[in-house]
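Comments concern the structure below.
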Amino acid sequence: MPDGKLSPSATPRVRFAPSPTGYLHVGGARTALFNWLFARHTGGTLILRIEDTDFERSSEAMVEGILDGMRWLGLTWDEGPFYQSKRLDLYKETAAKIVASGNAYPCFCTKEDLEQRRKEAAEAGRPLMYNRRCRRIPREVAEARVAAGEPAAIRFAVPVEGSTSFDDAVFGKVEFANAEIEDFVLLRSDGIPTYHLSVVADDIDMRLTHIIRGADHISNTPKQVLQYRALGAPLPVFVHVPLILGPDKTRLSKRHGATSVTAYKEMGIVPEAFRNFLSLLGWTPGGLKDENGKDREVFSSAELIALFSLEGISKSNAVFDNDKLAWFNAEYIRALPVDELSKMLEPVLSQAGLHATTEKLLAVTPLIRERIKTLNDAATVADFLFVDKLAPYDAADLIPQKGDAALAVRILGKTRDVLGQVDFTSTSMEQALREAATELGVKAGPMFQPIRVAVSGRKNAPPLFESMEVMGREVCLKRIGYAEERLKLLAAQEPALQDKGNES
RNA sequence: GGCGCUAUCGUCUAGGGGUUAGGACGUGAGAUUCUCAAUCUUAAAACCCGGGUUCGAUUCCCGGUAGCGCUACCA
């Protein structure tokens with residue numbers, strides 16, 4: 001058997017081969033990422049191949065979605081995209097070669113036959129595998145029937161005895177008893193190849209050296225190894241990467257929430273963060289320490305490429321952790337220069353109906369940069385800085401923890417006076433307001449809380465003085481005046497509420 | 001059911017025949033602070049179980065268990 005490996009010194013050629021029956025999901029993205037990292041690390045070639053032989057389920061829209069996802073992640077490919085649907089001749093030729101080698105045969109069983117038999121097998125005994133009925137048809141007879149136009153699929157004649165194994169770069173030697181492998185279909189009766197045939201035909205034709213793909217393909221691999229042998233083709237290195245699971249440890253699927261990479265884009269995840277996070281799911285550079293002796297986790301793309309190696313791929317499945325992703329994302333957002341971040345924030349804000357000048361956005365960005373975990377968070381964190389009219393808030397929030405409505409009114413009144421005269425910069429305001437607090441005999445905390453609520457409509461907000469500076473004097477004064485009125489109303493109508501405010 | 005693969009804190013993981021089993025996310029507490037966030041300090045938290053091998057196993061081997069995958073004229 002020519003079981004030889006491809007020359008290890010050859011420049012690596014790898015591929016990402018999605019099936020356009022859905023969007024680019026997280027698992028696919030990770031596979032694409034590993035292929036990309038490997039290609040870039042080794043100076044190899046990444047080929048994009050669209051496995052669209054299932055015409056029923058494939059669509060051009062899905063292809064676009066997948067391409068979009070890859071572009072968003074910055075995963076560039078060097079050749080393709082190639083479409084399997086346009087390479088049908090290659091598959092027919094390949095199937096013919098395998099038939100000629102005596103390793104495949106025509107099968108005349110209809111789908112109905114097969115289903116019927118499977119059903120019976122399930123009810124009675126066990127083996128659900130194809131019973132190789134047509135393999136026993138003499139070659140001349142079979143050829144005659146094919147020549148007569150009888151529809152036939154082509155099946156691979158799997159050895160009855162022995163075993164088929166391969167050396168996986170991450171799992172080591174994996175072996176399957178041939179008796180467990182059924183005579184799988186290569187070419188359907190309509191002349192369309194099955195996955196088993198088209199992958200092998202293409203992987204050989206495209207001269208791939210490493211097959212990096214999900215571990216769900218381990219069980220398919222012996223079927224492919226058998227074909228390589230029948231075709232006398234050297235085996236590539238198989239690299240199966242563990243699967244990504246949802247929080248409940250089942251396969252990641254729609255019910256786990258976002259599972260397409262574009263969904264993460266829409267959530268305001270930045271691609272570099274997503275890529276960093278994803279690269280560490282099932283792979284580690286192996287305990288690289290930072291200057292504090294802690295394991296490093298944040299890596300630039302260049303570092304990821306430099307560090308990537310097959311040895312670091314783990315064997316066990318990994319659970320996708322949204323919290324960790326959010327942390328990575330926040331980490332990247334915080335590290336972004338203000339001008340860059342504000343450009344990314346602009347579309348998010350305008351989509352939320354918050355329009356701002358570039359200048360204002362540049363002023364706001366540093367105030368919210370470390371307060372958002374996703375780009376989208378900006379809309380909720382910063383809305384009060386842009387909006388004309390504050391969202392309704394509870395007037396009781398204007399009352400400081402240890403105080404009453406009367407105090408709040410005094411604070412606000414004083415603030416209005418101060419703000420009317422002071423230079424409207426954050427430093428001047430802070431200084432003046434702190435002095436005012438001293439005059440009123442209140443501490444900074446209780447002093448600023450009513451102002452914050454009055455001005456932002458909420459108890460937790462970005463830094464007060466910087467925010468006010470961005471908003472401008474007029475808006476601030478107006479909002480404070482409005483708050484005073486609400487407080488007076490509150491005090492007059494519901495004295496009970498005051499007590500409540502005191503207690504809480 | 002059959003076959004295959006896997007198994008370190010809740011999660012991602014480092015490590016490895018002798019360690020106080022390390023880090024990160026998340027969680028708790030504290031510091032700082034105009035609130036929140038960020039930051040810093042700190043706490044709790046793991047080697048699936050059972051047999052071997054060995055002076056010594058979390059680490060090596062076997063079995064069990066569990067999880068995942070495959071089991072189509074889908075990919």
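First the proteins, then the strands, lettered A, B, ... as listed; each starts at 1.
A search for ring-ring contact (aromatic ring centres under 6.0 Å, His included) contacts involving A:Tyr195 returns A:His217, not counting sequence neighbours.
Both distances falling under 3.5 Å, in either a Watson-Crick or a G-U wobble arrangement, place B:A66 opposite B:U6.
In this structure, A:Thr21 reaches neither bases nor backbone, as no heavy-atom distance under 4.0 Å exists between it and the strands shown. Residue contacts shown for A:Leu464 include a base, since a base heavy atom lies under 4.0 Å away. A:Pro462 comes within 4.0 angstrom of a base, heavy atoms only. Counting any heavy atom pair closer than 4.0 Å across all strands shown, A:Ser219 reaches a base atom. Residue A:Leu186 is classed as having no contact, given no heavy-atom separation below 4.0 Å to the nucleic acid. Among the atoms of the strands shown, none is found under 4.0 Å from any heavy atom of A:Pro242. Backbone-only contact: A:Glu175 has heavy atoms under 4.0 Å from sugar-phosphate atoms and none from a base. Note on A:Ala444: only backbone sugar-phosphate atoms sit closer than 4.0 angstrom, heavy atoms only; bases stay farther off. At a threshold of 4.0 angstrom between heavy atoms, the contacts of A:Ser58 with the nucleic acid are absent.
Of the candidates B:A75, B:U13, B:G4, B:U13 carries the atom nearest the A:Ser314 side chain, counting heavy atoms from C-beta on. Here the nucleotide nearest the side chain of A:Ser316, chosen from B:A75, B:U13, B:U6, is B:U6. The side chain of A:Phe176 lies closest to B:G4 when the candidates are B:A38, B:G4, B:C68. Side-chain proximity of A:Arg452 to the nucleotides B:U6, B:C34, B:C73 is greatest for B:C34. Distances from the side chain of A:Phe171 to the nucleotides B:C5, B:G69, B:C73 place B:C5 closest. Residue A:Asn460 places its side chain closer to B:U35 than to any other of B:A75, B:C73, B:U35.
Heavy-atom minimum distance, A:Pro193 versus A:Leu197: CB-CD1, 3.7 Å.
In this model, the phosphate group of B:U35 is not approached by any side-chain N or O of A:Arg371 to a distance below 4.0 Å at OP1 or OP2.
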Whether each nucleotide of nucleotides 21-33 of chain B has a protein heavy atom under 4.0 Å at its base (B), only at its sugar-phosphate (S) or at neither (-) is summarised, 5' to 3', as -BBBBS-------
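With both ends at atom C1', the span from B:C49 to B:G67 equals 15 Å, rounded to whole Å.
Comparing A:Cys107 and A:Ile372 along RNA chain B, the residue whose closest nucleotide (by nearest heavy atom) sits nearer the 5' end is A:Ile372.
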